[in-house]
Amino acid sequence: MKVFLAEDDRTIAEGLQYSLLAEGYDVRICQNLQESLETLARQTFDIYLLDLTLPDGSGYELCEYIKAKQAAPVLFLTACDDEVNVVRGLDMGADDYITKPFRFRELLSRMKSALRHYRKDGGSDLLTIGDITINVKQAKVFRGSQEIFLTAMEYRLLLVFASHPGQVLSRNQLLEGIWDVDGSFINDNTLSVYIKRLREKLEPEGQTSSVIETVRGLGYRMGGAHDKK
């Protein structure tokens with residue numbers, strides 16, 4: 001579970017990071033608005049914890065940016081507990097507002113509650129992997145606004161990867177995932193061909209690093225996928 005934390009107080013940020021890591025979360029810390037926006041332009045997270053006051057801006061700006069980009073829980077962590085600030089944050093789409101100082105267990109409980117709420121919504125028709133978007137409902141794949149045309153088997157292979165974000169999948173796991181329901185036999189060599197073709201279609205021209213990474217001796221791994229609304 002990936003957590004984004006925008007917090008300019010290094011002591012608070014490192015304390016939260018330490019506690020969240022102990023609970024199994026992967027935490028990315030940014031200490032100002034500019035660094036946060038640069039990070040969020042490159043990747044998405046499962047949940048966002050935002051300090052309201054940053055050296056070069058505010059958590060409100062980050063909240064607006066995040067909510068326009070994806071459907072994910074946003075929690076404000078701030079010392080500003082007056083009603084005007086609380087209402088403004090919630091009106092912008094924030095899911096909770098926690099006043100400093102707070103107890104870590106309370107924060108953890110509220111994070112889990114917010115995450116459950118989003119899972120109850122039944123997920124999304126869209127999955128993102130870096131700059132690749134999969135419209136599951138329409139069975140279409142895009143890089144930015146450009147559609148990538150895949151065969152049925154290539155698309156099914158992509159869905160197997162997208163269903164296991166960041167996980168190393170063995171060749172047997174991939175073969176099981178794309179086994180042709182009409183009875184056509186898919187062997188190990190055929191899988192290699194599909195992976196090669198899928199890589200070629202997913203990677204922008206001239207890109208040196210592979211979207212689908214080979215993990216020597218183990219299998220293959222694709223970068224994290226995330227639900228979008």
Side-chain angles (χ1 to χ4, degrees), residues 1-82 85-86 88-119 124 127-132 164-168 209 211 213 221-229:
M1 186 73 68
K2 296 171 64 177
V3 178
F4 177 84
L5 173 61
E7 172 61 69
D8 64 330
D9 186 315
R10 182 174 293 276
T11 300
I12 294 175
E14 291 180 351
L16 279 176
Q17 183 181 44
Y18 177 83
S19 298
L20 288 169
L21 285 173
E23 294 291 330
Y25 292 91
D26 180 16
V27 185
R28 173 69 164 90
I29 298 174
C30 289
Q31 293 188 288
N32 57 57
L33 178 64
Q34 184 60 38
E35 181 188 8
S36 296
L37 291 173
E38 290 173 358
T39 298
L40 297 180
R42 297 191 302 268
Q43 55 186 306
T44 55
F45 297 81
D46 298 295
I47 189 167
Y48 298 82
L49 309 178
L50 310 179
D51 187 12
L52 187 58
T53 305
L54 298 170
D56 54 346
S58 79
Y60 292 136
E61 295 169 80
L62 285 178
C63 182
E64 281 188 315
Y65 182 88
I66 292 163
K67 289 297 184 178
K69 187 178 181 182
Q70 71 171 120
V74 173
L75 282 68
F76 280 124
L77 311 178
T78 178
C80 304
D81 62 348
D82 61 274
N85 283 314
V86 174
R88 181 183 177 188
L90 296 176
D91 283 348
M92 293 177 67
D95 298 271
D96 209 340
Y97 202 104
I98 303 175
T99 304
K100 299 175 183 175
F102 52 82
R103 290 170 293 188
F104 175 70
R105 287 295 162 188
E106 177 187 1
L107 170 63
L108 196 61
S109 176
R110 295 201 188 187
M111 286 173 58
K112 291 178 179 179
S113 176
L115 287 164
R116 281 196 301 270
H117 172 75
Y118 277 76
R119 284 195 286 267
S124 166
L127 290 171
T128 60
I129 308 169
D131 62 348
I132 303 296
H164 301 83
Q167 180 179 335
V168 178
S209 61
V211 175
E213 174 190 358
R221 174 173 54 209
M222 179 174 280
H226 299 274
D227 290 343
K228 271 177 70 175
K229 289 288 185 184

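A donor-acceptor pair under 3.5 Å is absent between the side-chain atoms of Glu106 and the main chain of Phe102, judged by distance alone. For Asp96 (side chain) and Arg110 (main-chain N/O), no donor-acceptor pair under 3.5 Å exists by modelled atom type.
At least one side-chain heavy atom of Leu77 sits less than 4.5 Å from a side-chain heavy atom of Leu5. Within the 4.5 Å cutoff, no side-chain heavy atoms of Val27 are placed close to those of Leu16. Counting heavy atoms from C-beta on, the side chains of Lys112 and Ser109 never come closer than 4.5 Å. Annotation: side chain of Glu61 is not in contact with side chain of Leu37 (no heavy-atom distance under 4.5 Å). Residues Tyr25 and Leu108 form a side-chain contact, since some pair of their non-hydrogen atoms from C-beta on lies under 4.5 Å apart. The side-chain heavy atoms of Thr78 and Leu50, taken from C-beta on, include no pair separated by under 4.5 Å.
Between Cys63 and Ala94, the shortest heavy-atom distance links the atoms SG-N, 4.0 Å. Closest of all the heavy-atom pairs between Leu54 and Glu7 is CD2-N, 4.4 Å. Taking each heavy atom of Asp9 and Thr11 in turn, the nearest pair found is OD1-N, 3.0 Å. Counting all heavy atoms, side chain and backbone alike, Leu62 lies closest to Ser36 at CD2-CB, 3.5 Å. Annotation for Ile29 and Glu14: closest pair CD1-N, 4.4 Å, computed over non-hydrogen atoms. Contact record, Val168 with Arg221: CG2-NH1, 3.6 Å, taken as the closest heavy-atom pair.
In this structure Pro55 satisfies the side chain to side chain contact (heavy atoms under 4.5 Å, CB included) test together with Asp8, Asn32, sequence neighbours excluded. Applying the salt bridge (Lys or Arg N to Asp or Glu O under 4.0 Å) test to Glu64 and every residue at least two apart in sequence or in another chain returns nothing. With sequence neighbours excluded, no residue satisfies salt bridge (Lys or Arg N to Asp or Glu O under 4.0 Å) with Arg103. Listed by chain and residue number, nothing satisfies the salt bridge (Lys or Arg N to Asp or Glu O under 4.0 Å) test with Glu38 (two or more places apart in sequence, or in another chain). In this view, Tyr18 satisfies the side chain to side chain contact (heavy atoms under 4.5 Å, CB included) rule with no residue, not counting sequence neighbours. Leu21 pairs by the side chain to side chain contact (heavy atoms under 4.5 Å, CB included) definition with Gln17, not counting sequence neighbours. Contacts of Gln43 classified as side chain to side chain contact (heavy atoms under 4.5 Å, CB included), with partners at least two apart in sequence or in another chain: Lys2, Thr39, Phe45. Evaluation of the salt bridge (Lys or Arg N to Asp or Glu O under 4.0 Å) rule for Arg42 yields no partner, not counting sequence neighbours.
Between Met111 atom CE and Leu49 atom CG the span is 5.0 Å, to the nearest 0.5 Å. Rounding to the nearest 0.5 angstrom, the gap separating the CD atom in Glu35 from the CG atom in Asp56 is 9.5 Å. Here the CG-CG distance, from Leu75 to Leu115, works out to 8.5 Å after rounding to the nearest 0.5 Å. Distance check, rounded to the nearest 0.5 Å: CG of Asp95 to NZ of Lys67 gives 4.0 Å.
The aromatic rings of Phe76 and Tyr60 lie perpendicular to each other, with more than 60° between the two planes, well past the 30° mark.
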